[in-house]
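Structure record follows, encoded as structure tokens.
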Amino acid sequence: LKSVNPLKKLNREISNYVSKKQEEIDELKRMEIFRREFLADVSHELKTPIFAAQGFVHTLIDGALEDPVIAERFLKKAAKSLDGLDILVRDLVVLSQVETGDIKMIFGAFDILELVKEIFEQLENKANKRNTTLVYKPKDLRACWVYGDKQRLSQVLINLIDNAIKYGRDNGKVVVELNTENKKVEIVIEDNGPGIPQEQLPRIFERFYKVDKSRTREVGGTGLGLAIVKHILNAHDSTINVTSKIDKGTRFTFHLAKPPKEIA
Ligand code: ADP
């Protein structure tokens with residue numbers, strides 16, 4: 001029987017303990033950096049609509065109110081900035097909940113085809129304004145069961161389909177494809193819009209990252225939609241992939257589990 005040198009053993013235990021503590025410190029440091037950056041990003045993003053609304057309201061007070069035509073124009077602009085602020089704060093609340101894992105996920109089996117159809121109805125007006133067609137594939141699909149948090153996954157689909165409409169092109173087409181695999185369902189959201197430059201693709205899931213800043217401002221985007229998508233899918237043990245070709249379109253793909261046998 002080999003005898004264990006007690007000093008060696010103690011040494012090993014101490015060094016294990018120190019490296020575990022070092023890992024904890026590193027993690028705390030990472031969290032602190034994340035928190036500081038998050039706060040800096042948020043205050044920067046909040047400033048834009050606040051300054052804009054402030055500017056319009058002060059110009060009104062300083063005399064623009066006297067001209068009804070100008071007054072109406074400025075009031076509408078102030079209202080638009082405040083609406084943007086409202087959307088931003090809502091998205092921030094959702095993002096901070098999903099980022100910190102501070103939401104209760106309610107898992108269950110549901111028909112994702114039914115959900116896609118509901119979302120198409122919800123976004124129909126928006127799509128019509130751009131003369132964009134919304135279709136699902138395969139055409140003869142009757143139902144497609146998956147397992148997950150329906151409300152959160154509905155947010156994922158809305159964000160991706162809404163993006164495909166607003167960053168796609170006029171007279172465009174958005175296709176949602178549902179492919180049943182062995183134990184999973186593959187979900188693809190594809191548009192035939194202007195696409196995203198290759199070097200920017202890895203960054204689009206970062207919070208506040210905007211590829212086309214002027215287009216994002218025009219359509220009232222917050223730059224948080226895809227960060228929310230990434231975190232919700234993460235909570236479903238799923239990752240999202242994106243491929244894009246300039247002037248051809250963009251394609252997002254992710255997988256969801258099929259319901260367990262005892263539920264299906
Ligand atoms: P937002 O919430 O402002 O829409 P997202 O986080 O959803 O922002 O998307 C980040 C950026 O990625 C957008 O500002 C836009 O520039 C770009 N983007 C997202 N989806 C598409 C798409 N389907 N086609 C082209 N660009 C896109």
Side-chain angles (χ1 to χ4, degrees), residues 37-38 41-42 44-49 52 80-99 116 119-120 122-123 125-127 129-137 152-177 187-235 238-254:
E37 281 177 358
F38 188 72
D41 283 350
V42 169
H44 175 80
E45 294 293 324
L46 288 175
K47 269 183 202 157
T48 314
K80 196 171 173 215
S81 293
L82 293 172
D83 288 346
L85 192 62
D86 180 45
I87 296 171
L88 179 59
V89 172
R90 278 170 209 250
D91 274 0
L92 271 172
V93 171
V94 176
L95 180 67
S96 89
Q97 284 173 337
V98 289
E99 252 180 1
V116 169
I119 292 170
F120 277 2
Q122 217 173 304
L123 295 175
N125 274 339
K126 216 169 186 177
K129 276 189 193 142
R130 304 211 67 197
N131 206 15
T132 292
T133 328
L134 306 176
V135 289
Y136 64 83
K137 270 202 318 206
R152 301 289 161 196
L153 290 170
S154 163
Q155 174 98 64
V156 166
L157 288 170
I158 290 176
N159 287 6
L160 291 170
I161 299 169
D162 185 59
N163 275 355
I165 299 169
K166 64 187 191 194
Y167 301 116
R169 60 178 175 85
D170 286 327
N171 310 311
K173 187 173 172 184
V174 176
V175 182
V176 176
E177 207 177 311
I187 295 126
V188 182
I189 292 96
E190 189 170 30
D191 65 64
N192 59 353
I196 300 169
Q198 207 60 27
E199 67 279 7
Q200 301 205 42
L201 281 181
R203 300 206 59 191
I204 58 172
F205 297 98
E206 292 173 17
R207 61 177 127 86
F208 300 123
Y209 193 81
K210 294 151 196 163
V211 178
D212 181 343
K213 289 204 175 61
S214 64
R215 176 84 193 128
T216 304
R217 203 174 315 119
E218 204 180 300
V219 297
T222 61
L224 294 177
L226 289 177
I228 293 172
V229 164
K230 186 181 95 178
H231 284 284
I232 295 177
L233 289 179
N234 198 20
S238 177
T239 48
I240 182 155
N241 283 309
V242 56
T243 54
S244 192
K245 277 208 181 97
I246 296 298
D247 292 333
K248 289 267 184 290
T250 306
R251 182 182 168 94
F252 289 90
T253 310
F254 63 93

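Sequence positions, counted from 1, serve as the residue numbers for this chain. In listed order, ligands and their atoms are each counted from 1.
Considering both main-chain and side-chain atoms, K210 never comes within under 3.5 Å of ligand 1 through any nitrogen or oxygen pair. At least one N or O atom of G225, backbone or side chain, sits closer than 3.5 Å to an N or O atom of ligand 1. For ligand 1, none of its N or O atoms has an N or O atom of F252 under 3.5 Å away. The N/O atoms of D91, backbone and side chain alike, include none that comes under 3.5 Å of an N/O atom in ligand 1.
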Side-chain polar contacts of residues 80-88 - donor-acceptor pairs under 3.5 angstrom, sequence neighbours left out - could you list them?
residue: S81; atom: OG; partner: K77; partner atom: O; Å: 3.3
residue: D86; atom: OD1; partner: R90; partner atom: NE; Å: 3.4
residue: D86; atom: OD2; partner: R90; partner atom: NE; Å: 3.2
residue: D86; atom: OD2; partner: R90; partner atom: NH2; Å: 3.1

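Heavy-atom proximity to D212, at under 4.0 Å, picks out these atoms of ligand 1: 16 (O). Short contacts between ligand 1 and I196, defined as distances under 4.0 Å to a heavy atom of the residue, involve ligand atoms 18 (N), 21 (C), 25 (C), 26 (N), 27 (C). Residue Y209 approaches ligand 1 through these ligand atoms, each under 4.0 Å from one of its heavy atoms: 10 (C), 11 (C).
Under a 4.0 Å heavy-atom criterion, K166 is in contact with ligand 1. Residue contact check for ligand 1: N159 places no non-hydrogen atom closer than 4.0 Å to it. Residue contact annotation: G223 has a non-hydrogen atom under 4.0 Å from ligand 1.
Among all heavy-atom pairs drawn from E206 and A227, the shortest one is C-CB, 4.3 Å.
Selection from V211, L201, I189 by nearest heavy atom to atom 16 (O) of ligand 1 gives V211. Which of T250, D191, I204 comes nearest to atom 23 (N) of ligand 1 through a heavy atom is settled by distance: it is D191. When the heavy atoms of V242, I228, L226, T222 are ranked by distance to atom 5 (P) of ligand 1, first place goes to L226.
Counting heavy atoms under 4.0 Å from ligand 1, residue F205 does not touch it at all. Of the heavy atoms in R215, none comes closer than 4.0 Å to ligand 1.
Among all non-hydrogen protein atoms, the one lying nearest atom 7 (O) of ligand 1 is N163 ND2, 2.8 Å. Nearest to atom 14 (O) of ligand 1 among the protein's heavy atoms is T216 OG1, 2.9 Å. The protein heavy-atom contact nearest to atom 4 (O) of ligand 1 is Y167 OH, 2.8 Å.
Taking the side chain as every heavy atom from C-beta outward, D191 and T132 never approach each other to under 4.5 Å. A 4.5 Å side-chain heavy-atom check between I161 and F252 finds every atom pair outside the cut-off. Proximity of F254 to V229: side-chain heavy atoms (C-beta onward) are nowhere separated by under 4.5 Å. Taking 4.5 Å as the limit, every side-chain heavy atom of V211 sits out of range of all side-chain heavy atoms of Y167.
Residues D170 and N131 have side chains that never bring a donor and an acceptor to within less than 3.5 angstrom of each other. A donor atom on one side chain and an acceptor atom on the other are found under 3.5 Å apart for D212 and S214.
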**Request:** Take E37 and R207, measure what salt bridge (Lys or Arg N to Asp or Glu O under 4.0 Å) needs, and give me the verdict at the end.
**Result:** CA-CA 11 Å; E37 281 177 358; R207 61 177 127 86; 5.1 Å; no
**Request:** Determine, step by step, whether E45 and T222 satisfy the side chain to side chain contact (heavy atoms under 4.5 Å, CB included) criterion, reporting the C-alpha distance in whole Å, the side-chain angles of both residues, the deciding distance to 0.1 Å, and the verdict.
**Result:** CA-CA 8 Å; E45 294 293 324; T222 61; over 6 Å; no
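Within a 6.0 Å sphere centred on NZ of K210, heavy atoms belonging to other residues, nucleotides or ligands number more than 12.
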